[in-house]
Amino acid sequence: MAPTVPLAVLALVALVAPGLGAAPPGCDYPAHRWCSSRDAAAACEVQSRCPSLPRPAAAPVQLSLFYESLCPACRQFLALKLFPTWLLLPEEMLNITLVPYGNAQERNVSGKWDFKCQHGPEECLGNMMEACLMHEAQNFSTYFPIIFCLESGSSVTKNLDARPHVPCAQQCLQIYAPELDSGRITACVQGDTGMALMHHNAQVTDALQPPHQYVPWITINGKHTDELQAQAEASLLGLVCHLYE
């Protein structure tokens, strides 16, 4: 008795083979293996006929938030839209870049950068705290919960240690990343590293096309339009799910 050939295999051969069971040049796979992998399907020229093939991972949606640490609208978007969306989505769907600077202005005074911020010196301090936190933590999943903690609290900069004007944000660090060295963050804020980080944020913000007109300023996959901004502020989760391919 002849061996039984599965109907699915017969159907595949009937659909894709140019002749009776013939394989295209370069296809060294038997017909029942043509849909076994992406390489096999490509070699045998049957990719469109193999619906069960695993699809390549899509690139994450790239979102950049240009903001100020004490801007009420910025704090609201970060705490009520961006952070919850990040928590809900798989890591591979959304890549976030935070740029604390906004409408600040910089000038070079005797070889050192001096910054003026829309909401005063305290905001400049908050911007630099968050920039230094990102620099020291490196990992987004480590520093974003801390920044959320700072931005959703009553004040971004009130959690200071005993030394005057030294930001440590001790409570948020202790809750979300006790392993981080607050002393290194303090040294960054007080030293040249913090100034260099803020100068970098100034350059990135000033290079925006179109130039930012307000904050929060949101870019999606490197682009900003009024429509994308409105969609992000209305339903960020829905926008990211719509754009993720």
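Heavy-atom basis, side chains included; hydrogens, waters and symmetry copies ignored.
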### Message
Tell me every residue that passes disulfide bond (SG atoms under 2.5 Å apart) with Cys71, counting only those two or more places apart in sequence or in another chain.
### Response
none
### Task
Could you walk me through whether Tyr244 and Met93 pass the side-chain contact (heavy atoms from CB on, under 4.5 Å) test, one step at a time?
CA-CA 7 Å; Tyr244 183 72; Met93 285 186 67; 3.8 Å; yes
## Note on the structure
Distance col, row Leu237:CG vs Leu82:CG, nearest 0.5 angstrom, shows 11.5 Å
### Query
Rounded to the nearest 0.5 Å, how far apart are OG1 of Thr193 and CD1 of Ile185?
12.5 Å
## Note on the structure
Minimal heavy-atom distance between Asn108 and Gly111, with the atoms involved, is OD1-N, 2.9 Å
### Task
For Phe115 and Cys124, work out which heavy atoms get closest and say how close.
O-SG, 3.7 Å
### Task
Decide whether Asn139 and Ser141 meet the rule of one side-chain donor and one side-chain acceptor closer than 3.5 Å.
yes
### Message
Which residues end up grouped with Val215 if you chain together Ile, Leu, Val, Met, Phe, Trp and Tyr wherever their side-chain heavy atoms are less than 4.5 Å apart?
### Response
none
### Message
If the condition is salt bridge (Lys or Arg N to Asp or Glu O under 4.0 Å), which residues does Glu106 pass it with, not counting sequence neighbours?
### Response
none
### Task
Measure the CG-CG distance between Leu63 and Asn95 for me, rounded to the nearest 0.5 Å.
9.0 Å
#### Entry: Phe83 and its ring-ring contact (aromatic ring centres under 6.0 Å, His included) partner, picked from Phe77, Phe148, Phe140
Phe148
### Task
Hey, could you give me the NE2/CG distance between His119 and Asn103, rounded to the nearest 0.5 Å?
8.5 Å
### Message
What's the separation between atom CD1 in Ile218 and atom CG in Leu228, rounded to the nearest 0.5 Å?
### Response
9.5 Å
